[in-house]
Asker: 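The structure's right below; bear with me while I get my questions together.
Note that this is a predicted model, so its numbers are computed, not measured. Counting starts at 1 for both ligands and their atoms, following the listed order.
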Amino acid sequence: MQLIDIGANLAHDSFDADRDAVMQRAAQAGVAQMMVTGSSIESARRAIELARAHPGVLFATAGVHPHHAADLTAEALPELEALARDPAVVANGECGLDYFRDFSPRDLQRRAFAWQLEIAGRTGKPVFLHQRDAHDDFIAILREHRAQLAGGVAHCFTAGEKERDAYLELGLAIGITGWINDERRGLHLREVVRGIPPDRLMLESDAPYLLPRDIRPAPKSRRNEPAFLPWVVRAVAAARGEPPEAVATYTTATARAFFKMGTFPIS
Ligand SMILES: [Zn+2]
């Protein structure tokens with residue numbers, strides 16, 4: 001199996017002590033390439049550094065998560081755009097709206113989201129999208145900018161059929177995490193995932209978050225890592241009634257084509 005993890009928060013400080021070992025375990029588990037999520041200007045910078053140190057294996061995204069939307073000022077936009085244009089960056093984001101936590105005021109979330117879609121339109125790279133409990137505003141803002149966008153992925157999708165179909169209709173891809181392994185809150189996803197075409201489906205760990213709940217033996221640490229992505233493959237395969245190898249093959253092909261992951265020149 002050769003897998004691509006489109007959403008690993010490898011710049012997170014929980015990996016500071018053993019990042020190389022984490023990457024090694026990922027490789028052993030068949031995770032050939034990973035996208036390191038940049039969720040603030042600072043973490044995007046760290047994600048780019050990591051990607052430069054591991055060309056062809058790690059790739060970065062550059063964006064400001066809705067939780068941090070209040071920190072994104074008009075003055076900071078040129079800096080964010082410069083990061084997004086870095087050759088190590090394959091997507092703008094993560095960006096979007098999160099009305100579940102509401103860590104930033106909603107009007108500032110909408111402003112930061114729209115700004116980042118404008119940047120994405122100029123960079124020509126796809127968007128890495130985050131949405132929680134904000135579907136209507138999210139779709140409305142996305143629709144306004146859709147014509148300028150190179151495409152996007154709704155990462156860590158946990159919603160229902162209505163949201164799935166709205167995203168597919170906008171030409172977006174959908175990222176599935178270990179949420180689907182959760183026998184309580186992930187049950188509905190096992191139905192919803194059946195309606196995603198293979199060329200729109202991608203997999204992600206969202207490490208260090210969302211440790212798949214069905215890993216046996218359960219890891220001592222609650223920290224998730226990309227090496228556990230095969231558990232997500234198996235859950236998706238079981239839900240769709242397909243062999244895990246087939247899911248691995250087409251999700252990898254989809255991610256690779258979508259984010260144009262080859263090797264990139266080190267600048
Ligand atoms: Zn997210």
Side-chain angles (χ1 to χ4, degrees), residues 4-15 34-44 46-47 59-72 80 83-84 89-104 106 108-110 112-117 119-120 125-135 137-139 141-142 149 151-160 163-164 166-167 170 172-182 185-186 189 192-193 201-212 223-226 228-229 232 255 258-259:
I4 294 180
D5 184 348
I6 66 154
N9 298 279
L10 286 182
H12 193 271
D13 55 15
S14 69
F15 293 115
M34 292 161 264
M35 283 166 56
V36 184
T37 314
S39 51
S40 64
I41 286 184
E42 188 44 44
S43 88
R46 285 203 302 274
F59 300 82
T61 76
V64 175
H65 192 285
H67 289 348
H68 310 302
D71 301 334
L72 185 59
L80 181 59
L83 291 170
V89 169
V90 292
N92 300 271
E94 58 178 305
C95 59
L97 302 175
D98 192 315
Y99 293 176
F100 179 68
R101 301 263 187 223
D102 274 332
F103 285 157
S104 279
R106 291 181 180 183
L108 298 186
Q109 288 192 38
R110 289 189 289 268
F113 185 30
W115 275 343
Q116 294 186 77
L117 294 179
I119 289 175
K125 297 177 186 178
V127 277
F128 190 83
L129 299 162
H130 174 106
Q131 187 278 120
R132 201 153 174 215
D133 286 3
H135 178 73
D137 283 358
F138 179 81
I139 283 289
I141 295 171
L142 212 44
L149 296 176
V153 59
H155 113 99
C156 192
F157 182 84
T158 58
E163 291 84 355
R164 176 199 66 196
Y167 295 165
L170 278 178
L172 301 179
I174 293 179
I176 297 290
T177 62
W179 195 282
I180 196 171
N181 298 62
D182 191 319
R185 58 182 186 174
L189 261 188
V192 176
V193 77
L201 180 57
M202 305 183 195
L203 304 176
E204 47 178 332
S205 63
D206 207 29
Y209 314 109
L210 298 180
L211 179 73
R223 186 188 70 174
N224 191 14
E225 52 177 84
F228 299 140
L229 197 60
V232 180
F258 195 82
F259 295 109

Asker: Of all residues at least two apart in sequence or in a different chain, which pass the side chain to side chain contact (heavy atoms under 4.5 Å, CB included) check with R46?
Answerer: A11, E42, S43

Asker: Which label fits H135 and Y167: parallel for a plane angle under 30°, tilted from 30 to 60°, or perpendicular past 60°?
Answerer: tilted

Asker: Suppose we screen for ring-ring contact (aromatic ring centres under 6.0 Å, His included). Which residues come up paired with F228, at least two apart in sequence or across chains?
Answerer: none

Asker: According to ring-ring contact (aromatic ring centres under 6.0 Å, His included), who are the partners of Y209, at least two apart in sequence or on a separate chain?
Answerer: H12

Asker: May I ask you to check whether H65 and F113 place their ring centres under 6.0 Å from each other?
Answerer: no

Asker: Which protein N, O or S atoms sit under 2.8 Å from the Zn ion (ligand 1)?
Answerer: E94 OE1, H130 ND1, H155 NE2

Asker: Using the ring of Y99 (Phe, Tyr or Trp, six-membered ring only), decide whether R132 places NZ or CZ under 6.0 Å from its centre and within 45 degrees of its axis.
Answerer: no

